[in-house]
Amino acid sequence: MPKVLVSDRIDQSGIDILSQVAQVDVKTGLSPEELIRIIPDYDALMIRSGTRVTAEMIAAGKQLKIIGRAGVGVDNVDVPNATRQGILVVNSPEGNTIAAAEHALAMMLSLSRYIPIANQSVKEGKWERSKFLGVEVYKKTLGVVGLGKIGSHVAAVARAMGMQVLAYDPFLSAERAEQLGVHLVDLDLLLRESDYITLHLPKTAETYHLINAEAIAKMRPTARLINCARGGIIDEAALAEALKAERIAGAALDVYEEEPLGESALRELGRNVILTPHLGASTEEAQVNVAIDVAEQIRDVLLGLPARSAVNIPGLRPEILEKLRPYMQLSETLGYLVSQLAGGRVETFNIRLQGELANNESQPVVVAALKGLLSHALQERVNYVNASIEAKERGIRVTEVRDPNSRDYAGSVQMTAVGSQGEHTVTGALLGEEEIRITNIDGFPINVPPSRHMLFTLHRDVPGIIGNIGSLLGDFNVNIASMQVGRKIVRGDAVMVLSLDDPLPENVLPEITKVAGIRDAYTITLPAS
Ligand SMILES: NC(=O)c1ccc[n+]([C@@H]2O[C@H](COP(=O)([O-])OP(=O)(O)OC[C@H]3O[C@@H](n4cnc5c(N)ncnc54)[C@H](O)[C@@H]3O)[C@@H](O)[C@H]2O)c1
Ligand SMILES: O=C(O)CC[C@@H](O)C(=O)O
């Protein structure tokens, strides 16, 4: 039974799902050293934001197949290293959207009405009504930085509360902004015009300290800033300075550059600052949602099925995958085949996606081809997660062409491997829904299903050659299951494809190449299906 380590607190509903297929060990609060020590035993790891999955931990996780992040942000996972090691990283992109949006809205209202500090005052036995004169959000301007899933929900609720909404999101279309009823503006204008500014963008190299002293200086003195996205997007020292000097009216933070928040000037500030300990996703509903979402994906991957929210395999959505699966199988088979024809090191790999594959959703078919191409050399070390990166690291130049024309078939894949020992091209298509056919080898039309053991020859199309090969194989006790010849012109060059019941003994290939008229011969072994 596979083993799953759950190293942060996860809702029981997730544990129950994992337990259907795996031994589940819940071990929270472990030190990085302890995690590195025990991770080699595990096939899967499930985390929230508490566990940092470092390069060292990934290197130690020799058995790891999948890391599941019960939440959105994967900035606590070294995704590039996981990808390199062929480990799938999945998350729950939508499970806590509403929770995080509602937390940001709660922060906005709490800041406006001094709720946390007024609550504390009453609990201390005081009755300070005039001290906590608040402001209304109605008819005020909210600036949303990052109008994705959470930002959009915040914008919709804010509009319902009578706010005008400005948004800055360089990746959002004007049409989408219009649909949401918000005004898309540049960051500068948003900072200058907003009464409230709420951040809902990822932390990246570009967004690090996006809100720094310079940005804060542009804000209105009455502005209130909210960050329920990621620490590090705000320069905390600059913010603390500005709040201390009352340059802006307030700030509410749920996330910090270092978590847990250590010594910080922010802690010393008064009623104009609200700090929560990364609670954006902490609702009962969100925790059930993310636990189920991610546990189901881990379960499926351990059962050999695809995951629906893979962070490091772009575009592999289940509905697309369902349609592409037979083509991926075809592409992987052809990749395997062409790498063996090419023999040595492949330097350039050209793939042509034809007919119904000539669209942007067919990227997994390219990944499958690369997996096939590299499998012969790397065996199980290569998978759909790391095939592209492995190809790149081996210096293979990959080019893709999409061509809506596909003669005779709804869709077909052609691939050419150019390497140290020459150039070979194979084409394949599906017969019906999923029967794979090799339809062309090096320009010679054929129509053969792939089989586990095959022999390809390039020869002169002259009488007797097929008989000679047949008797030679007979002499070595090799049984031929099927045979097909492809040629362009009569008595010109031809290819012969033989499916064999058994692997060709090593000493037979040199004998075949000695047969008169044979120019080249290749043995091909495909993975057992
Ligand atoms: N506090 C919490 O507990 C909590 C919970 C959930 C999510 N989050 C965080 O909230 C953030 C938003 O999550 P989401 O689910 O809405 O993500 P999302 O991917 O749906 O939206 C992010 C948006 O940010 C935009 N963006 C990217 N770079 C930008 C830039 N430089 N400037 C402006 N916009 C930019 C993107 O175009 C996208 O529309 C993430 O950082 C996530 O990790 C925090
Ligand atoms: O795990 C958590 O509670 C935080 C999750 C949140 O930051 C996220 O990115 O989904």
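In each ligand, atom 1 is the first atom listed, and ligand 1 is the first ligand listed. None of the values given here were measured: they were computed from a predicted structure.
What sits closest to atom 22 (C) of ligand 1 on the protein, heavy atoms only, is H200 O, 3.5 Å. Residue, atom and distance of the protein heavy atom nearest to atom 21 (O) of ligand 1 are G148 CA, 3.2 Å. Protein heavy atom nearest atom 7 (O) of ligand 2, with residue, atom name and distance: H278 NE2, 2.6 Å. Among all protein heavy atoms, the one lying closest to atom 10 (O) of ligand 2 is V72 N, 2.5 Å. Of the protein's non-hydrogen atoms, the one nearest atom 3 (O) of ligand 2 is R48 NH2, 2.7 Å. Scanning all protein heavy atoms for the shortest distance to atom 5 (C) of ligand 2 gives R69 NH2, 3.3 Å. Ranking protein heavy atoms by distance to atom 9 (C) of ligand 1, first place goes to A229 O, 3.5 Å. Distance from atom 17 (O) of ligand 1 to its nearest protein heavy atom, with residue and atom name: K149 NZ, 4.1 Å. Of all protein heavy atoms, the one closest to atom 33 (C) of ligand 1 is P170 CD, 3.3 Å. At the shortest separation from atom 36 (C) of ligand 1 among protein heavy atoms lies D169 OD2, 3.5 Å. For atom 28 (N) of ligand 1, the closest non-hydrogen atom of the protein is F171 CE1, 3.4 Å.
Salt-bridge formation is detected for the pair D75/R230: a Lys NZ or Arg NE/NH1/NH2 atom is positioned less than 4.0 Å from an Asp or Glu carboxylate oxygen. Between E390 and R394, at least one side-chain nitrogen of the basic residue sits less than 4.0 Å from a carboxylate oxygen of the acidic one, meeting the salt-bridge criterion. A salt bridge links D43 with K65: the closest approach of a Lys/Arg side-chain nitrogen to an acidic carboxylate oxygen falls below 4.0 angstrom.
Side-chain contact of T83 with N386: a donor-acceptor pair under 3.5 Å is absent, judged by distance alone. Inspection of the D25 and Q23 side chains reveals an N or O donor paired with an N or O acceptor under 3.5 Å. There is no side-chain donor-acceptor pair under 3.5 Å between N76 and S49. Inspection of the Y327 and E356 side chains reveals an N or O donor paired with an N or O acceptor under 3.5 Å. Side chain to side chain, Y114 and N272 fail the donor-acceptor criterion of an N or O pair below 3.5 Å. In the model, S309 has no side-chain atom that pairs as donor or acceptor with a side-chain atom of N91 under 3.5 Å. For the residue pair E285 and N289, no side-chain donor N or O sits within less than 3.5 Å of a side-chain acceptor on the partner. Neither side chain, N81 nor Q85, offers a donor N or O lying under 3.5 Å from an acceptor on the other. Between the side chains of H200 and T198, a donor-acceptor pair is found at a separation under 3.5 Å. A donor-acceptor pair shorter than 3.5 Å cannot be found between the side chains of S194 and T141.
Within the 4.0 Å heavy-atom shell around ligand 1 one finds N96. Within the structure, the closest approach of S49 to ligand 2 falls below 4.0 Å when heavy atoms are considered.
Residue P202 touches ligand 1 through backbone and side chain together, judged by heavy-atom distances below 4.0 Å. Residue contacts with ligand 2, taken as heavy atom pairs separated by less than 4.0 Å, do not involve V255 at all. The proximity of L147 to ligand 1, defined as any non-hydrogen pair under 4.0 Å, is limited to the backbone. Contacts with ligand 2 closer than 4.0 Å are made by side-chain heavy atoms of R230 only, the backbone lying farther away.
Looking at S282 next to ligand 2, no N or O pair under 3.5 Å apart turns up. By the 3.5 Å distance cut-off applied to N or O atoms, C228 is counted among the residues near ligand 1. Close N/O approach between T207 and ligand 1 is not found [any backbone or side-chain N/O within under 3.5 Å]. On a distance-only criterion, V145 and ligand 1 share no N/O pair closer than 3.5 Å. The shortest N/O to N/O separation between G73 and ligand 2 falls below 3.5 Å. Distances between N or O atoms of I150 and those of ligand 1 include at least one value under 3.5 Å. Residue D254 has at least one nitrogen or oxygen atom sitting less than 3.5 Å from a nitrogen or oxygen atom of ligand 1, judged on distance alone. Below 3.5 Å of separation, one finds an N or O of L201 facing an N or O of ligand 1.
Near G71, meaning under 4.0 Å from one of its heavy atoms, ligand 2 places the atoms 10 (O). Shown in contact with G73 at under 4.0 Å from a heavy atom are these atoms of ligand 1, numbered in order with element: 43 (O). Taking a cut-off of under 4.0 Å to the non-hydrogen atoms of A100, the atoms of ligand 1 that pass are 5 (C), 6 (C). Every atom of ligand 1 with a heavy atom of H278 under 4.0 Å away is listed here by number and element: 1 (N), 2 (C), 3 (O).
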**Item:** Verdict with supporting geometry, R308 and E296, salt bridge (Lys or Arg N to Asp or Glu O under 4.0 Å)
**Value:** CA-CA 9 Å; R308 60 180 160 256; E296 282 180 349; 2.7 Å; yes
Could you pull out every donor-acceptor pair under 3.5 Å between side chains of residues 126-133 and any protein atom, sequence neighbours left out?
{"unit_1": "K126", "atom_1": "NZ", "unit_2": "E124", "atom_2": "OE1", "d": "3.0"}
{"unit_1": "E128", "atom_1": "OE1", "unit_2": "S121", "atom_2": "OG", "d": "2.7"}

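Y208 does not carry K203 over the face of its six-membered ring by the limits of under 6.0 Å from the centre and within 45° of the normal.
Considering only residues two or more places apart in sequence or on other chains, D169 meets the side chain to side chain donor-acceptor pair (under 3.5 Å) condition with none of them.
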